[in-house]
Amino acid sequence: MGKHTLIRSASARLMASAGIGLGSLVLPLAAGMALPLGAAHAQPQKQEAAPVQATDQVIFKNGRIIEGKVLEETDAKIRMLVIIGGLSVETDYQKSEILSIKRDALTPQADPAAPAATPSSKPAARGATPTNPVADGAKVYTIHLKGWFGEDISQTPIRQAVADAKQHEPDYLVVIMENDWDASRFGGMGQMDDDVEGFFDQLFRAEDMDPVFTAEIPREWQKQPKIVFWVKKAMGGAAFLPLVCKDIYFSSEGKLGGIGGLEKAFGSTGDEVVREKQFSLRLGHAEGMAITGGYEPKLIRALARTDYVLSVGFDGGRPVYYEGMPRADRGEMLLTDDGKEANEDTIQQLARGEGNDNLTLNADVAYKIGLSKGTADTFDDLMRELGIARSYTRIEGKSDQIMENWREGLEKGKRDCRRIWEDFGRIQVTGDYGERAAARGRQIRLLGDLEKIIRRYEEALNPGQIGVPGLSDIGVLRERIRLEQARDRK
């Protein structure tokens with residue numbers, strides 16, 4: 001596949017049905033491409049850690065809850081001081097995205113006379129006991145996210161698996177991220193390159209899922225579990241989801257990335273200001289997810305834009321990020337260059353997974369910069385990293401069956417949709433009035449069957465990609481059939 005942009009388009013040719021005279025309809029293209037109306041556009045400004053208490057809560061319409069201190073509020077937006085990892089980050093949020101603002105909602109519990117703890121940004125030592133270890137007999141529930149992100153991995157089965165986990169009251173909820181990254185899905189062969197482009201907009205599917213972890217569990221669970229993401233493969237939209245969690249571990253072959261080339265998503269022609277607004281819109285959403293998990297927003301830009309140069313140095317083990325090439329005299333490390341001319345990755349580098357035009361985090365780099373707390377290749381290794389290897393019980397829940405049922409149901413739904421549409425196209429509206437009316441009745445019933453399947457899997461099924469009409473087109477078809485029938489009576 002190389003560095004060429006992977007073009008994913010789905011075209012469907014609606015079959016003309018005799019007696020209807022529909023002509024051609026325009027079907028929707030890639031799912032999740034519609035732009036949201038507003039954006040929580042983060043504008044991070046690092047400050048020295050200060051004794052600022054998070055006292056306000058902002059609840060968004062998508063279920064996300066952000067805690068901090070509201071500094072300024074206008075009719076259009078609010079500016080908020082969000083506390084992450086001992087740092088204060090000022091961020092703007094659009095009022096159009098906010099459901100409610102709860103001021104003084106959080107009452108600090110700490111003794112005001114006691115000295116404040118100073119959080120450390122240094123990665124936890126491998127095999128170290130967690131800061132708040134659970135008593136002997138810790139219960140661990142796992143959810144394994146496999147398959148194609150946005151389809152097999154989707155909010156409905158995740159929500160169902162989390163509901164099953166809640167019944168067992170686990171101490172740890174381990175989410176294993178291992179999504180497909182297979183070029184055969186688009187007519188290619190083998191695994192796609194890390195630098196493949198065109199997948200950033202899967203961000204909006206990740207935003208459909210992250211409230212399950214960031215809002216629903218905190219709101220609905222009486223006993224709060226420690227949520228852990230174990231990254232085996234988090235490529236494309238799957239790269240965003242672990243970032244909402246404060247506890248990320250990698251397997252030694254783990255990767256997180258595959259969302260680069262954002263600056264090319266809207267071409268090179270047209271209004272540059274409009275294009276930059278679109279970039280900012282998307283980056284703002286993604287940076288908001290990183291801020292939720294306590295991670296540096298600059299990492300999102302390095303993951304997303306080929307033209308962004310980012311280096312990292314270390315101050316007492318704490319990563320410090322710089323926009324630009326590294327300074328060798330200070331021991332800084334290049335994370336991603338601008339991909340131009342001499343800096344462009346070679347085919348050999350891409351084949352070895354050593355390209356750096358678009359940032360892809362592997363286990364080693366993720367650990368060095370503190371995004372990963374450790375590396376584990378087996379489940380027992382992960383338990384050792386969490387410090388509970390001798391005292392945990394792995395719960396045999398229903399999550400694997402839930403995820404498998406969803407995958408199988410979705411694939412069957414796709415097959416049924418194609419079959420129904422083919423059956424629809426074979427109906428001939430001919431004969432006498434009674435025969436024509438009966439034929440149109442069969443058409444309407446088939447459209448109803450098609451609509452039910454699409455609605456059942458609407459979040460993960462893109463009608464245009466499988467060659468069938470979408471919900472709005474079904475409505476148009478149904479109405480035209482009824483009009484034809486009404487005219488036929490005359």
Side-chain angles (χ1 to χ4, degrees), residues 8-38 61-63 96-97 148 150-152 154-157 159-160 201-205 207-209 237 406-490:
R8 298 177 301 141
S9 64
S11 61
R13 188 172 299 169
L14 295 182
M15 301 169 61
S17 179
I20 301 177
L22 297 180
S24 60
L25 296 177
V26 177
L27 295 181
L29 297 179
M33 294 297 288
L35 300 182
L37 295 177
K61 293 176 181 178
N62 67 0
S96 60
E97 293 188 339
W148 190 255
E151 293 188 10
D152 306 315
S154 194
Q155 64 265 30
T156 291
R159 189 169 280 115
Q160 291 171 349
D201 272 1
Q202 285 188 337
L203 160 72
F204 300 119
R205 291 296 285 118
E207 286 194 319
D208 293 334
M209 304 173 206
W406 173 264
R407 280 191 291 271
E408 291 180 354
L410 178 60
E411 286 306 309
K412 182 178 183 299
K414 291 178 181 179
R415 293 193 300 270
D416 289 345
C417 283
R418 295 187 186 101
R419 174 186 53 78
I420 291 170
W421 186 235
E422 289 171 0
D423 290 346
F424 179 92
R426 282 193 289 266
I427 296 175
Q428 299 295 315
V429 183
T430 59
D432 60 25
Y433 175 80
E435 291 171 332
R436 296 195 301 273
R440 293 187 181 107
R442 290 195 299 273
Q443 287 179 326
I444 288 177
R445 285 194 296 274
L446 287 172
L447 290 176
D449 293 342
L450 184 61
E451 184 178 45
K452 287 178 183 177
I453 297 173
I454 294 174
R455 288 196 184 279
R456 185 183 310 155
Y457 296 103
E458 185 174 6
E459 69 195 56
L461 192 157
N462 183 350
Q465 288 181 341
I466 61 173
V468 303
L471 293 175
S472 61
D473 295 318
I474 288 173
V476 172
L477 283 165
R478 185 186 288 117
E479 185 60 26
R480 290 195 179 184
I481 292 170
R482 288 172 177 165
L483 289 173
E484 290 287 342
Q485 182 63 24
R487 286 193 293 267
D488 203 6
R489 291 194 189 99
K490 301 176 182 179

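Because only heavy atoms are used, hydrogens play no part in the values below, and waters and symmetry mates are left out as well, while side chains stay in.
Side-chain atoms of R478 and Q443 include no donor-acceptor pair closer than 3.5 Å.
Under a 3.5 Å cut-off, the side chain of R436 and the backbone N or O of G431 do form a donor-acceptor pair. E459 contributes a side-chain N or O that, together with a main-chain N or O of T156, makes up a donor-acceptor pair within less than 3.5 Å.
P469 approaches P463 most closely through the heavy-atom pair O-CB, 3.6 Å.
Taking a cutoff of 4.0 Å between a charged side-chain nitrogen and a carboxylate oxygen, R445 and D449 do not qualify as a salt bridge. By the 4.0 Å N-to-carboxylate-O rule, R487 lies close enough to E484 to be salt-bridged with it.
Residues passing the side-chain contact (heavy atoms from CB on, under 4.5 Å) test with L471, sequence neighbours excluded: E451, I454, R455, E458. Every residue was checked against the salt bridge (Lys or Arg N to Asp or Glu O under 4.0 Å) condition with K452, not counting sequence neighbours, and none meets it. Take E151 and apply the side-chain contact (heavy atoms from CB on, under 4.5 Å) test, not counting sequence neighbours, and it matches W148, R185, L410, K414, A460, Q465.
Atom CG of L447 and atom CD1 of I481 lie 5.0 Å apart (nearest 0.5 Å). To the nearest 0.5 Å, the span separating CZ on R442 from CD1 on I427 amounts to 5.5 Å. For the atom pair L477 CG and R482 CZ, the distance stands at 11.5 Å (nearest 0.5 Å). From Y457, atom OH reaches atom CD1 of I453 across 8.5 Å, with rounding to the nearest 0.5 Å.
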